[in-house]
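A quick write-up on the structure given underneath.
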Number of protein chains: 2
Amino acid sequence: MKFKSQKGLLIIFTGNGKGKTTCAIGIAIRAAGHGMKISFIQFIKGTKETGEIKALSRFSDLIDVKVMGRGFTWKSDDLSKDEKAAQKAWRHAKNLILSGDFDMVILDEFTYAINYSMVSLKDVIETLTKRPVHCHVVITGRNAPQKLIDLADLVTEMHEIKHPFKDGIRAQRGIEF
Amino acid sequence: MKFKSQKGLLIIFTGNGKGKTTCAIGIAIRAAGHGMKISFIQFIKGTKETGEIKALSRFSDLIDVKVMGRGFTWKSDDLSKDEKAAQKAWRHAKNLILSGDFDMVILDEFTYAINYSMVSLKDVIETLTKRPVHCHVVITGRNAPQKLIDLADLVTEMHEIKHPFKDGIRAQRGIEF
């Protein structure tokens, strides 16, 4: 780990505006540009057909991508399956965070798993607190719990000023997914 | 241009929080994942030694990167040189936007060039209004002018909740640059 001399930050991108996952992709790319080793775990999305996953495949030497969700929870056909998927993803993430093998672990849309009580916030806080000192952790999703914000080093809230869906424009390839 | 059937959006990432350029990188990567052709122009930064520029070089078939600034304006040694650099970058951007050859043109930290009156807002608005219909334009920077926001389809304001500089932690490689 070339980057062990750095203090790993806990970074949170939250809020109702577009840009949280987009920002997580950007931060992964920026870190990869410096040769860091990154784990990028998607907690809600269940498809690898997104632009970000296709593009991140060019960094398979540096960025380990896992798509571990089952689609969007609020449309769920089976919440117990969602819960199992979220718990499996968290066990995987926890192992990687504690292993010390990664310079950065990104938990995309992770707040939903916490807010739906699929994953224990107490376990998350304990894991983050005892993680290796060099390991950056990036968490995205709406309504980040206050205890997570209290623990974080850097928190940005994405605030929606305007969104094209409201003007009847559909989600577009390359922009929304 | 495979994507001519889509309506190009004007997207703005503004506000005082971290994540504007990071988001622009993410959106470029996501679009590249779908095979879009992208121009990424940095208006303020003057170095190619950032993580994002190193990483984007893996997409040289799809993303054309130009670093056209001279560093940060508020530390400038010569404002007239900054102004010339900004005007040159804008002429380049304008040509690309109007050419129709790109699916997406990203103007990173462009609001500073407008807010410092180095580039005419009227010219920017006219260019965006008459651009080819399929061309997405992404603009980042603090204090986006209201006229630009009025014209935009999607606007996210990055709001700083917490920033590590305030705790005396220095800018870190892979996070801030």
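Chain identifiers are assigned alphabetically (A, B, ...) following the order of the sequence lines, protein sequences preceding nucleic acid strands; residue numbering begins at 1 within each chain. All heavy atoms count here, side chains included; hydrogens, waters and symmetry mates do not.
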When rounded to the nearest 0.5 Å, the distance separating CD1 of B:Ile12 from CD1 of A:Ile161 is 10.0 Å
For chain B, the option from A:Asn16, A:Ile38, A:Ile27, A:Leu56 that forms the most heavy-atom pairs under 4.5 Å: A:Ile27
Is the backbone N or O of A:Thr156 less than 3.5 Å from a side-chain atom of B:Lys162, with the two atoms forming a donor-acceptor pair by type? no
Does some side-chain heavy atom of A:Glu160 sit less than 4.5 Å from a side-chain heavy atom of B:Val155? no
Measuring heavy-atom distances to chain B, does A:Ile11 have an atom under 4.5 Å in its side chain, in its backbone, in both, or in neither? side chain
Honestly, the part of A:Thr50 sitting under 4.5 Å from a heavy atom of chain B is backbone
Segment of A:Leu62 engaging chain B (4.5 angstrom heavy-atom cut-off): side chain
Given A:Ile29, A:Thr14, A:Ile149, the one with more heavy-atom pairs under 4.5 angstrom with chain B than any other is A:Ile29
Side chains of B:Thr21 and A:Arg30 in contact at under 4.5 Å (non-hydrogen atoms): yes
NE2 of A:His159 to NE2 of B:His159: how many Å apart, nearest 0.5 Å? 9.0 Å
Comparing B:Gly17, B:Gly51, B:Gly26, B:Ala55 against chain A, the one with the most heavy-atom pairs below 4.5 Å turns out to be B:Gly51
Return the minimal non-hydrogen interatomic distance between B:Glu49 and A:His34, and the atom names on each side. O-CE1, 4.0 Å
Interchain contact, A:Phe59 with chain B, by part (heavy-atom threshold 4.5 Å): both
Specify which of A:Met104, A:Lys18, A:Lys54 makes the most heavy-atom pairs with chain B at under 4.5 Å. A:Lys18
